[in-house]
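To start, the structure itself, in C-alpha cells.
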Number of protein chains: 2
Amino acid sequence: MRYAYDVYEDRCPTRLVLDRLADKWALLILDRLEGGPVRFNHLRRDIKLISQKVLSQTLKKLERDGLVTRTVYPTVPVTVEYALTPLGRTLAETAAALTHWAEHNMDAILASQAAYDAALAER
Amino acid sequence: MRYAYDVYEDRCPTRLVLDRLADKWALLILDRLEGGPVRFNHLRRDIKLISQKVLSQTLKKLERDGLVTRTVYPTVPVTVEYALTPLGRTLAETAAALTHWAEHNMDAILASQAAYDAALAER
DNA sequence: TCTCCTTAGTATCCATTGGAAACCATGTTT
DNA sequence: AAACATGGTTTCCAATGGATACTAAGGAGA
C-alpha cells in the first residue's frame, strides 16, 4: 500500500513538513513536552542555549501545524503553557526515538569522527 | 537506567549529532540508501531539488559520522557508490519513521495550518 | 578532430536563516 | 527606586542554503 504523498518529490507538501520536523529545536521541544505541559521560560531553561527568538518561532510553527497548543493564563505575570496535541504526541514518540538514538550511539560516532579526521590529517 | 549523554545539555556531544540528524536532506538520504548502495547522481535525481553542493556536503558529514561508506570504482567515468554502514542502518530505520509520519499525517497538518491562518486573518 | 555527453564533484555568489543581545509591558518584591 | 519575574519582539551580524557555473577525464557521434 502506498501513501498519497511522497517525500522524494519536490512540490510534495511532505517536504515542507519534513523541513519543519527535521529541526534540532523542534525535536527537543516535542521531546520535552512529552512529560506534560510546560511554560515558556521553563522550556527555555530546560533546553540549554536555545534563544528566546528561536524558541518563540519554533513554538509558533508547531502550533500552526497542530502539534502543540498554547494556553494563556491571566496570572501576574502572565503564564503561558505549551502542551502536545494528540497528533503532536504521536510525533513526539518518533522524535524521542531520534534523540535516544543520538544518546545511545554517541560513542560510536565520536570514534568514527576521530578516525576520519586522523586519516585526513595523515594525508 | 540512564545514558551517559543528555541531549538537553549544551556541551553534550549529542547536541552536535542531533544537529546533524535533524536535517531534512540527511534524513532523505539515509532513507533512500536503505534499499542498497546508490551512486551520487542517482541520489541527486531521486531526491528532487537537492543541490549538488548540499548533497556532497551532507554525504561527507554522514561519512565522517560513520553512517555511510563511500566507495570509488575506477570505471570511466568514475563511479562513486554510497551505502549505509550497520550503524547507519539502525538510524535509517528511525529516519524512515519520521518521513513516513510526515507522509501519513500530512492531511491533518495541512488542515491545521489552514485553520490557523484563517483564524489569524479574521482578527 | 571537434563538440557534446557522462561521471562526481568544487567554486562562487547572493538571499535566507540562526543566534546573541537589547528592549518591551506588566506587575511584585526588596 | 531598583531589581526581578513573566513572555515575548526587535535588531544586528555571522553562518548557512541554494542556484548557477565551472572543473577534469574520457567516450560517442558528426
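This structure is a prediction, so every number in the text was calculated from the model and none was measured. Convention: sequence-line order gives letters A, B, ...; per-chain numbering from 1.
Atom NZ of A:K48 and atom P of C:dG19 are 17 Å apart (whole Å). Atom CG in A:N41 sits roughly 13 Å away from atom P in D:dT9 (whole-Å rounding). Atom-to-atom, CD of B:Q57 to P of C:dA11 comes out at 11 Å; the value is rounded to the nearest Å. B:L59 has its CG atom 11 Å from the P atom of C:dA8, to the nearest Å. In this structure, the CG atom of B:D23 is 11 Å from the C1' atom of D:dT16, given to the nearest Å. Regarding B:E81, its CD atom lies at a distance of 17 Å from the C1' atom of C:dG9, rounded to whole Å.
Comparing A:K24 and B:R39 by the nucleotide of DNA chain C that holds the closest heavy atom to each, the one mapping nearer the 5' end is B:R39.
The phosphate of C:dG18 has neither OP1 nor OP2 within less than 4.0 Å of any side-chain N or O from A:S51. OP1 or OP2 of C:dG19 has not a single side-chain nitrogen or oxygen of A:R44 nearer than 4.0 Å. Side-chain N/O atoms of B:W25 include none lying less than 4.0 angstrom from OP1 or OP2 on D:dG17. Taking only side-chain nitrogens and oxygens, A:K61 never comes nearer than 4.0 Å to OP1 or OP2 of C:dT17. Taking 4.0 angstrom as the limit, A:R45 places a side-chain polar atom (N or O) nearer than this to OP1 or OP2 of D:dT6. For C:dG9, the OP1/OP2 oxygens have a side-chain nitrogen or oxygen of B:Y82 closer than 4.0 Å. Between A:K53 and C:dC23, a side-chain N or O to OP1/OP2 separation shorter than 4.0 Å is absent. A sub-4.0 Å separation between OP1 or OP2 of C:dG9 and a side-chain N or O of B:R70 is present. The phosphate of C:dT7 (OP1 or OP2) has no side-chain N or O of B:T75 nearer than 4.0 angstrom.
Here the side chains of A:T99 and B:Y8 are not in contact, with every heavy-atom distance at 4.5 Å or above. Side-chain contact between A:D31 and A:L98: absent, with no pair of heavy atoms (C-beta onward) separated by less than 4.5 Å. The shortest distance between side-chain heavy atoms of B:I29 and B:Y82 does not fall below 4.5 Å. Put simply, the side chain of B:D65 reaches to within 4.5 Å of the side chain of A:Q113, judged on heavy atoms.
With hydrogens and angles left out, the side chain of B:Q52 and the base of D:dA21 share a donor-acceptor pair within 3.5 Å.
Checking C:dT6, D:dG27, C:dT10 against every side-chain atom of B:K60, the shortest atom distance belongs to C:dT10.
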Item checked: Worked verdict on A:T79 versus A:R39 for side chain to side chain contact (heavy atoms under 4.5 Å, CB included) -> CA-CA 7 Å; A:T79 299; A:R39 283 179 302 108; 3.1 Å; yes
